[in-house]
Amino acid sequence: MSVAEKKDLNYYLEQPYNVIIKPIRDESGDYYAARVLEFDGCIATGDSFQDTHEAIYEVLEGFIEDMMENGEEIPEPIGDEQFSGNLRVRMPKSLHRELSQAAKLEGVSLNQYLINKLSK
């Protein structure tokens, strides 16, 4: 039996999954919406932050139980260790030229110029 097979529901529920809870104001009124980034469709709503927090973990538990019953692979939490900080981007030569020229005008490297533009 592999390590993955030995993992139970409690193991997954104790993992630091990325839960996002946001206040919403729309035609339905004011409420909170939550989602778990690692699980597509794992969403919940509630009238208060606390209600929504509790609801999303109930939904998450159901998601994990269903996945376990169906023999599906359960995702591990997305963390910083999964990102190297390196990104390769392919672009047209003309765009590369424009960006390089803009960086030169600013007196910075192309890398620094792109980081500045992407972080805005």
Residue D47 excluded, over 12 heavy atoms near CG under 6.0 Å: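 No, CG of D47 has 12 or fewer neighbouring heavy atoms, counting only those of other groups under 6.0 Å.
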
Heavy atoms from other residues, nucleotides or ligands near CG of D30 exceed 12 (cutoff 6.0 Å):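 Result for CG/D30: enclosed.
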
Check ion pair K93-E98 (N to O, under 4.0 angstrom):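 Salt bridge absent between K93 and E98.
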
Y12-Y17 aromatic ring centre distance below 6.0 Å: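 No, ring centres 6.0 Å or more apart.
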
Heavy-atom side-chain contact between [X] and [Y] under 4.5 Å:
X	Y	result
Y11	D8	yes
H53	V19	no
C42	I56	yes
V59	I43	no
L9	I64	yes

Contacts of Y32 that satisfy ring pair (Phe, Tyr, Trp, His ring centres under 6.0 Å) - sequence neighbours left out: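 Partners of Y32 under the ring pair (Phe, Tyr, Trp, His ring centres under 6.0 Å) test: none.
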
Residue list, ring pair (Phe, Tyr, Trp, His ring centres under 6.0 Å) with F63, at least two apart or on another chain: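 If we apply the ring pair (Phe, Tyr, Trp, His ring centres under 6.0 Å) test to F63, skipping adjacent residues, there are no hits.
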
In Å and rounded to the nearest 0.5 Å, what is the [atom1] to [atom2] distance from [X] to [Y]?
X	Y	atom1	atom2	answer
I74	K7	CD1	NZ	9.0 Å
S109	I115	OG	CD1	7.0 Å
K22	I20	NZ	CD1	7.5 Å
Y113	L105	OH	CG	8.5 Å

Members besides Y31 in its Ile/Leu/Val/Met/Phe/Trp/Tyr cluster (side-chain heavy atoms under 4.5 Å):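 Listed partners: I24.
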
